[in-house]
Visitor: 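First, the structure itself, so that you have it in front of you.
Numbering starts at 1 and runs along the sequence shown. Keep in mind the model is a prediction, meaning the values are calculated, not measured.
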Amino acid sequence: MLLDKINQAGDIHKIDEKDLPLLASEIRRFLVQKISRTGGHLASNLGVVELTMALHLVFDPEKDRMIWDVGHQSYTHKILTGRRTGFDELRKYGGMSGFPKRKESSCDPFDTGHSSTSISAGLGLAKARDLKGEDYSVISVIGDGALTGGMALEALNNVADIDSNFIIILNDNEMSISRNTGGISAHLGKIRRTATYYDLKERLSSRLEKIPQGDQIKNTLSFVKNKVKTAVLSGGIFFENMGITYWGPIDGHDLKGLVSVLENAKRMKKPVLIHVMTKKGKGYRPAEVHPERFHGISPFEIRTGEPKSAKTEKDWTDVFSDTICQEAETNPSIVAVTAAMPDGTGLTPFAEKYPDRFFDAGIAEQHAVTFAAGMAAGGLKPVVAVYSSFLQRAYDQIIHDVCIQNLPVVFAVDRAGLVGSDGETHQGIFDLSYLSSIPNMTVCAPKNIYELEDMLKYAFTYPYPFAIRYPRGTGWKGLSEFRQPVKAGTAEWIYKESEIALLAVGSMVETADAVRTELKKRGHAVSLINMRFVAPIDEACILEAAAGHKLLVTMEENVLKGGFGEHLCTMLMEAESHTDILNIAIPDIYVEHGNVDVLKKEIGLDAEFIVNRILERIGDNG
């Protein structure tokens, strides 16, 4: 196998040029085999094999800086930098990350995980290079979907300020996670050009500079040049007007052509954007046909592309999806907004049933939130369905455009808490802190799927900002006999005893139920309270618990700082309560990738660890 020769950065140069297409086939076969066992991002990686190989043939990954926007398409880059053996432990706790990581390899110059960041980061690295008088190339790879993000456009606007080499590669596969939408996507679809135009332009400019009165001739020809350019390159002017030389579209699977273009770009003394056309999922038929299904996939059967473990029960997202569709039947004011993730957030059925009331804003969370605020101001009931870690990107819009005006926007915060294999950039462990810090924002979390349904129905009638956070995975059905009506700021007593009170939020109610069972076996009287609302918190319930128990234990799948536990401590301190309090939360750290159950055990959020902490606190040595 040719792959056996790739053991460190630069080893691609050991492969004979005529064998490079075979190496590309081996890489694709390797990726399909490994990801079928571990799960991961497949379609995007299959699409950039030749592009990545070309980058490694032209640039030195240990010297030059290659920045992958989002980073989920960096698997071939990892293979070519000697990390092939790490794929057996891909995205597992202690194993190789599915994203670029500076601490993992010197060939990863910048950590990425969220969209639309690579141009800003690359521009910063290029400026640092120039100010320090260093010599290396900076290449930012960004997808057409990521280009819809406002941050990417802000960065493009700033690129003209650099007068040295900076390469942007626009990987255009007409996909983000789901199909791209919006004007930029349509614009890219119109761009066409031949290399002849730019070759002629550069040669002519160079020669005119060397002859007498050359500058005057150049100015005279400028008007004609722009007219010709408008005819030949109507699409590329979008980038040219920002001061960026545009080359493309270029076949992203023509390795020889890519190498030639990249070598020319390397010699440029100004910013250049190379528009590369690739096919997401290339080389594996199921991923070519259904690229969105193979964006991020669990272990699957290679022959059919079907998951090895079929979903047998509804997950939290399914319950959200069913409920919003049902409520929309009788409430025409309900509209739904997503940021390029209709499938992941469960809004695809809503989009199919109510196409005029569904809006995909593209990878633009800030716009999505303010767009929803505008609809709310116009009398609609918008629901913004978004992953917890991505909602962070719209913090200012939540404050400035929704909560200051107290507008009735519903935030369906999916993937809240630990999400597992995608790691630090995707863990939804800050939302209770950042949302509950905002005046006028109501924040709640359901204990089970039935309460999620009830909370959503309540949210659709609530006249103010309302956020519901729920986890990833199969929806819990436990404690279904307890289904008290939902009302903002009210908790739910599930078991009322004495000595120890467990005050749990959302997904931690399931863990608290297990903790209570173990403590009861040791003879302790244990109350269990489903807190439900973190903002506003049920002060009366907490004061009652403090008065009737020796120890209060707060439990939340959120960082400690700014979370429910800290809010409770502040409230009881102001009430001059002296009840002992034990806060169980995620430590104030960035949690690595890995199986959620493993992560909970490692950070002390599993039932066994919590039981031991409680026993230690109350002095029960067994």
Visitor: Are R91 and D422 within salt-bridge range, i.e. N to O under 4.0 Å?
Guide: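 Judged by the 4.0 Å cut-off on N to carboxylate O distance, R91 and D422 do form a salt bridge.
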
Visitor: A side-chain contact here means heavy atoms from C-beta on lying under 4.5 Å apart; do D606 and D597 qualify?
Guide: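 Counting from C-beta outward, D606 and D597 never come under 4.5 Å.
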
Visitor: Taking the side chain as every heavy atom from C-beta outward, state whether V409 and P465 have any pair of such atoms under 4.5 Å apart.
Guide: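 A side-chain contact is absent here, since even the closest heavy-atom pair is not under 4.5 Å.
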
Visitor: Do E592 and E424 come within less than 4.5 Å of each other through their side chains, counting heavy atoms only?
Guide: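 Counting from C-beta outward, E592 and E424 do come under 4.5 Å.
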
Visitor: Report yes if the side chains of E499 and I618 come closer than 4.5 Å at any heavy-atom pair, otherwise no.
Guide: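 A side-chain contact under 4.5 Å exists here.
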
Visitor: Are the aromatic ring centres of F30 and Y75 under 6.0 angstrom apart?
Guide: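 They do not qualify: ring centres at least 6.0 Å apart.
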
Visitor: List the steps, then state whether side-chain contact (heavy atoms from CB on, under 4.5 Å) holds for E292 with H290.
Guide: CA-CA 6 Å; E292 68 286 345; H290 300 289; 3.9 Å; yes

Visitor: State, yes or no, whether a side-chain contact exists between I610 and R613 at a heavy-atom distance under 4.5 Å.
Guide: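 They are not in side-chain contact.
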
Visitor: Under 3.5 Å, side chain of N530 to main-chain N/O of E492, donor-acceptor pair present?
Guide: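 Not confirmed, N530 side chain does not pair with E492 backbone.
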
Visitor: Given the rule in the salt bridge (charged side-chain N to carboxylate O under 4.0 Å, His left out) test, do R522 and E518 qualify, once you have shown the distances and angles that lead to the verdict?
Guide: CA-CA 7 Å; R522 300 180 70 101; E518 291 302 311; over 6 Å; no

Visitor: When you measure from the side chain of R472 to the backbone N and O of V419, does any donor-acceptor pair fall under 3.5 Å?
Guide: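 Looks like yes, one N/O pair under 3.5 Å.
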
Visitor: Take I398 and F411 through the side-chain contact (heavy atoms from CB on, under 4.5 Å) test and state the conclusion after the steps.
Guide: CA-CA 10 Å; I398 298 170; F411 294 93; 4.2 Å; yes

Visitor: Between D88 and K34, is a salt bridge (charged side-chain N to carboxylate O under 4.0 Å, His left out) present by the stated rule, with each step listed?
Guide: CA-CA 7 Å; D88 288 330; K34 293 298 181 181; 2.6 Å; yes

Visitor: With salt bridge (charged side-chain N to carboxylate O under 4.0 Å, His left out) as the criterion, how do R469 and E556 come out once you've worked through the C-alpha distance, each side chain's angles and the decisive distance to 0.1 Å?
Guide: CA-CA 12 Å; R469 61 110 67 173; E556 61 191 305; over 6 Å; no

Visitor: Starting from the C-alpha separation in whole Å, work towards a yes-or-no answer on salt bridge (charged side-chain N to carboxylate O under 4.0 Å, His left out) for E608 and K601.
Guide: CA-CA 8 Å; E608 181 181 2; K601 193 173 186 66; 3.4 Å; yes

Visitor: Any side-chain heavy-atom pair from M96 and L90 closer than 4.5 angstrom?
Guide: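 M96 reaches L90 side chain to side chain.
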
Visitor: Give a yes or no on whether the backbone of A340 and the side-chain of D360 come within a donor-acceptor separation of less than 3.5 Å.
Guide: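 Present.
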
Visitor: Do P286 and R293 have side chains that get closer than 4.5 Å, going by heavy atoms?
Guide: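 A side-chain contact under 4.5 Å is absent here.
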
Visitor: Is it the case that over 12 heavy atoms from other parts of the model lie below 6.0 angstrom from the CD atom of E616?
Guide: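 No, the 6.0 Å shell around CD holds no more than 12 heavy atoms from other groups.
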
Visitor: Would you give the length of the straight line joining atom CD of E451 to atom CH2 of W476, rounded to the nearest 0.5 angstrom?
Guide: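 It comes to 10.0 Å.
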
Visitor: Please report the C-alpha distance between H295 and D343 in whole Å, then the side-chain angles of each, then the deciding distance to 0.1 Å, and finally whether the side-chain hydrogen bond (donor to acceptor under 3.5 Å, both in side chains) criterion is met.
Guide: CA-CA 11 Å; H295 170 74; D343 293 332; over 6 Å; no

Visitor: Does the Q392 side chain pair with the main chain of S389, one donor and one acceptor, at a distance under 3.5 Å?
Guide: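 Yes.
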
Visitor: With I542 as reference, evaluate I537, I529, T579 under the side chain to side chain contact (heavy atoms under 4.5 Å, CB included) test and give the passing residue.
Guide: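 Going through I537, I529, T579 one by one, the side chain to side chain contact (heavy atoms under 4.5 Å, CB included) with I542 is satisfied by I537 alone.
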
Visitor: Look at the side chain of H400 and the backbone N and O of D396, then say whether any donor-acceptor pair between them is shorter than 3.5 Å.
Guide: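 A pair under 3.5 Å: no.
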
Visitor: Near R102 CZ, under 6.0 Å, is it more than 12 heavy atoms from other residues, nucleotides or ligands?
Guide: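 No - once you tally the heavy atoms of other residues, nucleotides and ligands closer than 6.0 Å, there are 12 at most.
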
Visitor: Can you give me every donor-acceptor pair (side chain of residues 301-309, partner residue at least two apart or in another chain, under 3.5 Å) with its distance?
Guide:
residue: T304; atom: OG1; partner: E306; partner atom: N; Å: 3.1

Visitor: Do the side chain of E566 and the main chain of G562 share a donor and acceptor less than 3.5 angstrom apart?
Guide: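 The answer is yes, because a donor-acceptor pair under 3.5 Å joins these two groups.
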
Visitor: Can you find a side-chain donor-acceptor pair between N558 and S433 that sits under 3.5 Å?
Guide: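 Checked: N558/S433 side chains pair up, N/O donor to acceptor below 3.5 Å.
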
Visitor: About how many Å separate CD1 of I142 and CE of M151, when rounded to the nearest 0.5 Å?
Guide: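 Here the interatomic distance stands at 9.5 Å.
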
Visitor: Determine yes or no for a side-chain-to-main-chain donor-acceptor pair under 3.5 angstrom, with Q73 supplying the side chain and G71 the backbone.
Guide: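 It does hold such a pair.
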
Visitor: Taking R532 for the side chain and D538 for the main chain, is one N or O donor matched with an acceptor at less than 3.5 Å?
Guide: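 Not at all, since once roles are kept as given, no pair shorter than 3.5 Å links the two residues.
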
Visitor: State whether the side chain of S321 and the backbone N or O of T317 hold a donor-acceptor pair below 3.5 Å, judged by distance alone.
Guide: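 Answer holds: no.
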
Visitor: Would you confirm whether E365, through its side chain, and A394, through its main-chain N or O, come within 3.5 Å as a donor-acceptor pair?
Guide: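 Not at all, since once roles are kept as given, no pair shorter than 3.5 Å links the two residues.
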
Visitor: Name all residues meeting the ring pair (Phe, Tyr, Trp, His ring centres under 6.0 Å) criterion together with Y450; count only those two or more places apart in sequence or in a different chain, and write none if there are none.
Guide: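 For Y450 there are no ring pair (Phe, Tyr, Trp, His ring centres under 6.0 Å) partners, ignoring immediate neighbours.
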
Visitor: Near K520 NZ, under 6.0 Å, is it more than 12 heavy atoms from other residues, nucleotides or ligands?
Guide: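 Correct, the count exceeds 12.
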
Visitor: Please round to the nearest 0.5 Å and tell me the distance separating atom CD of E510 and atom NZ of K477.
Guide: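 It is 13.0 Å, given to the nearest 0.5 Å.
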
Visitor: As an exercise, state the distance from CG of D108 to NZ of K78, rounded to the nearest 0.5 Å.
Guide: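 Taking CG in D108 and NZ in K78, the distance rounds to 6.0 Å.
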
Visitor: For the aromatic rings, using the six-membered ring if either is Trp, is the centroid distance between F99 and H41 under 6.0 Å?
Guide: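 Yes, they do, as the ring centres are separated by less than 6.0 Å.
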
Visitor: Does the ring center of Y464 lie less than 6.0 Å from the ring center of F466?
Guide: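 Centroid separation for Y464 and F466: 6.0 Å or greater.
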
Visitor: Between H77 and W68, what is the ring plane arrangement, given parallel below 30°, perpendicular above 60°, and tilted in between?
Guide: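 Judged by the thresholds at 30° and 60°, the geometry between H77 and W68 is tilted.
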
Visitor: Side chain to side chain contact (heavy atoms under 4.5 Å, CB included) with I584: which of L502, V553, L503?
Guide: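 Filter result, single survivor: V553.
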
